[in-house]
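Take a look at the structure below.
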Amino acid sequence: MSPATDAPVRARFEAVWRELAVIGDGGAAGYHRFAWTAVDLELREWFAGQAALRGMPCERDRNGNLWAWWGTPGPGAVVTGSHLDSVPGGGAYDGPLGVVSAFLAVDLLRERGVTPSRPIAVVDFADEEGARFGVACVGSRLLTGVLDPGDARALRDADGITLAEAMSAAGADPGAIGRDDEALSRIGAFVELHIEQGRGLVDLGAPVGVAAAIWPHGRWRCTFHGEADHAGTTRLADRRDPMQPFASTVLAARDVAGHLGALATFGKVHVTPNGTNAIPSRVDAWLDARAPDEATVHETVSAITRAAEKAAAGHGVRVEVHPESYTPLVEFGVPLRDRLAATLGGAPVLPTGAGHDAGILSSHAPTAMLFVRNPTGTSHSPAEHAGTGDCVTGVTALADVLEDLTRT
Ligand code: HGY
Ligand code: MN
Ligand code: MN
Ligand code: MN
């Protein structure tokens with residue numbers, strides 16, 4: 001892996017990065033790049049433009065994923081890329097770094113005079129973060145058939161717009177979504193480059209690493225049903241205030257996770273009717289739970305559920321906990337994983353608690369991930385950042401990996 005001193009790659013990276021970074025840029029508020037919005041369509045145009053610049057035919061599959069091809073689309077392709085959407089207030093690198101690096105790695109291979117023995121595809125998976133419709137990795141889950149098309153079409157955003165309506169409004173056919181065996185049959189291997197979301201590489205002093213595993217993780221909707229009433233005239237003893245058991249559950253989640261070595265987060269909550277002077281009738285809150293192993297995830301969610309039920313009973317409130325999406329433990333296959341680490345001169349191999357499309361693809365094709373060092377570890381925040389030098393090292397590493405995987 002050559003050191004990141006290749007000025008042309010650095011200059012090219014900075015130029016492409018500047019062009020992409022302005023799309024949907026919310027400044028200090030971060031990015032709000034949500035699926036099937038005007039910003040998403042701008043990102044799709046950017047992707048198609050990058051493909052056209054390289055003479056790479058670009059197609060949108062039935063699930064909204066974009067594929068740019070070097071070579072005739074066909075079985076055994078080496079696919080690389082990531083996603084362009086973001087969480088609310090997201091950073092610039094989570095997703096886009098993998099897509100930009102993929103296009104620049106193609107450039108580098110062409111400069112090296114490489115003629116791949118197999119097709120190479122750059123992919124942008126639709127709606128990886130699930131920020132608008134609440135389910136993560138929609139594009140890759142539909143592609144692989146792990147998300148039911150009917151359930152997907154019915155997903156609603158905060159304004160009540162369904163995924164089907166949003167796709168139609170963006171000129172895509174929601175009736176076509178579903179498992180895509182032809183697209184799947186083309187994937188000989190998938191390699192996703194991603195900014196590391198954590199400090200593993202910082203602590204190891206390495207610019208690039210290889211993913212060992214993705215922690216099992218999921219999302220559960222907790223609904224606390226209480227009774228609306230007047231904030232100024234209802235005695236405390238007469239209240240059935242859902243906010244009370246919700247607050248206790250948030251604190252309990254932290255304790256439970258701490259005891260079990262898990263991670264539990266309530267990052268999204270809807271209060272109904274959400275009025276300053278109205279005791280809520282209901283609180284919907286989303287739990288994100290993750291742990292190194294499946295048993296601990298389920299034990300964490302069960303313990304938090306018990307805490308919620310106990311707190312709710314104490315306030316005459318009813319609580320329901322619904323699983324919304326779940327990704328089992330992903331252990332990246334040793335052959336491909338170790339082949340990447342060897343190609344990169346013994347790059348470190350480390351796990352992650354962050355979900356990725358690679359996690360969904362891993363049960364359908366040989367899959368691996370490359371991580372690029374994140375100096376602070378911060379992600380899902382406007383403060384997310386990776387050094388340009390490390391990004392260029394990532395591009396070079398991805399090119400080395402693609403060259404190796406398409407040599408024979
Ligand atoms: O939630 C995750 O871990 C990923 O960023 N979608
Ligand atoms: Mn993310
Ligand atoms: Mn991501
Ligand atoms: Mn009044």
Side-chain angles (χ1 to χ4, degrees), residues 20 24 30-35 40 43 47 65 80-102 123-142 146-147 155 190-200 209 211 213-221 257 262-268 286-292 297 323-330 332 350-362 367-374 376-386 391 394 398:
L20 177 59
Y31 288 93
H32 291 72
R33 292 168 164 170
F34 299 163
D40 186 17
L43 292 164
F47 183 95
N65 306 307
T80 183
S82 188
H83 62 94
L84 293 172
D85 67 307
S86 75
V87 295
Y93 294 80
D94 174 355
L97 183 62
V99 179
V100 169
S101 301
V123 67
D124 162 31
F125 282 112
D127 199 3
E128 189 273 349
E129 294 292 2
R132 180 175 180 189
F133 296 102
V135 171
C137 299
V138 170
S140 55
R141 279 195 161 106
L142 285 170
V146 300
L147 174 60
L155 292 172
F190 174 55
V191 179
E192 180 172 3
L193 180 145
H194 203 285
I195 183 173
E196 188 194 357
Q197 295 159 304
R199 294 176 47 83
I214 295 178
W215 281 15
H217 61 283
R219 303 178 179 192
W220 286 261
R221 190 181 84 245
L263 296 174
T265 311
F266 280 97
K268 176 179 169 183
W286 281 264
L287 168 64
D288 178 310
R290 314 190 187 206
V297 173
E324 288 212 329
S325 65
Y326 181 69
T327 305
L329 170 68
V330 169
F332 289 107
L350 64 169
T352 179
H356 300 282
D357 292 305
I360 304 299
L361 266 290
S362 65
T367 300
M369 287 193 76
L370 291 182
F371 289 137
V372 170
R373 176 165 48 194
N374 174 340
T376 63
T378 299
S379 183
H380 286 188
S381 154
E384 179 186 76
H385 181 74
C391 293
L398 182 58

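Remember, it's 1-based here, ligands and their atoms both numbered in the order they're listed. Start at 1 with the first residue, then count along the sequence.
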Determine whether Asp94 and Glu384 satisfy the following criterion, side-chain contact (heavy atoms from CB on, under 4.5 Å), listing intermediate values before the conclusion.
CA-CA 8 Å; Asp94 174 355; Glu384 179 186 76; 3.2 Å; yes

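- Of all N/O/S atoms in Asp94, OD1 sits nearest the Mn ion (ligand 3).
- Atoms of ligand 1 found under 4.0 Å from any heavy atom of Glu128, numbered from 1 in the order shown, are 4 (C), 6 (N).
- Aromatic pair Tyr31/Tyr93: ring centres not closer than 6.0 Å.
- The aromatic ring centroids of His194 and Phe371 lie 6.0 Å or more from each other.
- Assignment of His356 to the shell around ligand 1 is not supported, since no heavy atom sits closer than 4.0 Å.
- Of the N or O atoms in His380, one or more lie within a sub-3.5 Å distance of an N or O in ligand 1.
- Interface atoms of ligand 1 facing Ala354, defined by a heavy-atom separation under 4.0 Å, are 3 (O).
- Between Glu129 and ligand 1, at least one pair of N/O atoms sits closer than 3.5 Å.
- Here the angle centred on the Mn ion (ligand 2), running from OE2 of Glu129 over to NE2 of His380, is 110°, rounded to 10°.
- Distance check for His83 against the Mn ion (ligand 3): an N/O/S atom falls below 2.8 Å.
- For Phe190 against Asp357, the heavy-atom pair with the smallest separation is CE2-C, 4.4 Å.
- At under 3.5 Å, a nitrogen or oxygen of Gly355, whether backbone or side chain, sits near a nitrogen or oxygen of ligand 1.
- A donor-acceptor contact shorter than 3.5 Å links the side chain of Arg141 to the backbone of Ala136.
- At the shortest separation from atom 1 (O) of ligand 1 among protein heavy atoms lies Arg290 NH2, 2.8 Å.
- In this structure, Pro292 and Pro216 approach most closely via the heavy-atom pair O-CD, 3.7 Å.
- His385 places no side-chain N or O within 3.5 Å of a backbone atom of Ala383 that could act as its donor or acceptor partner.
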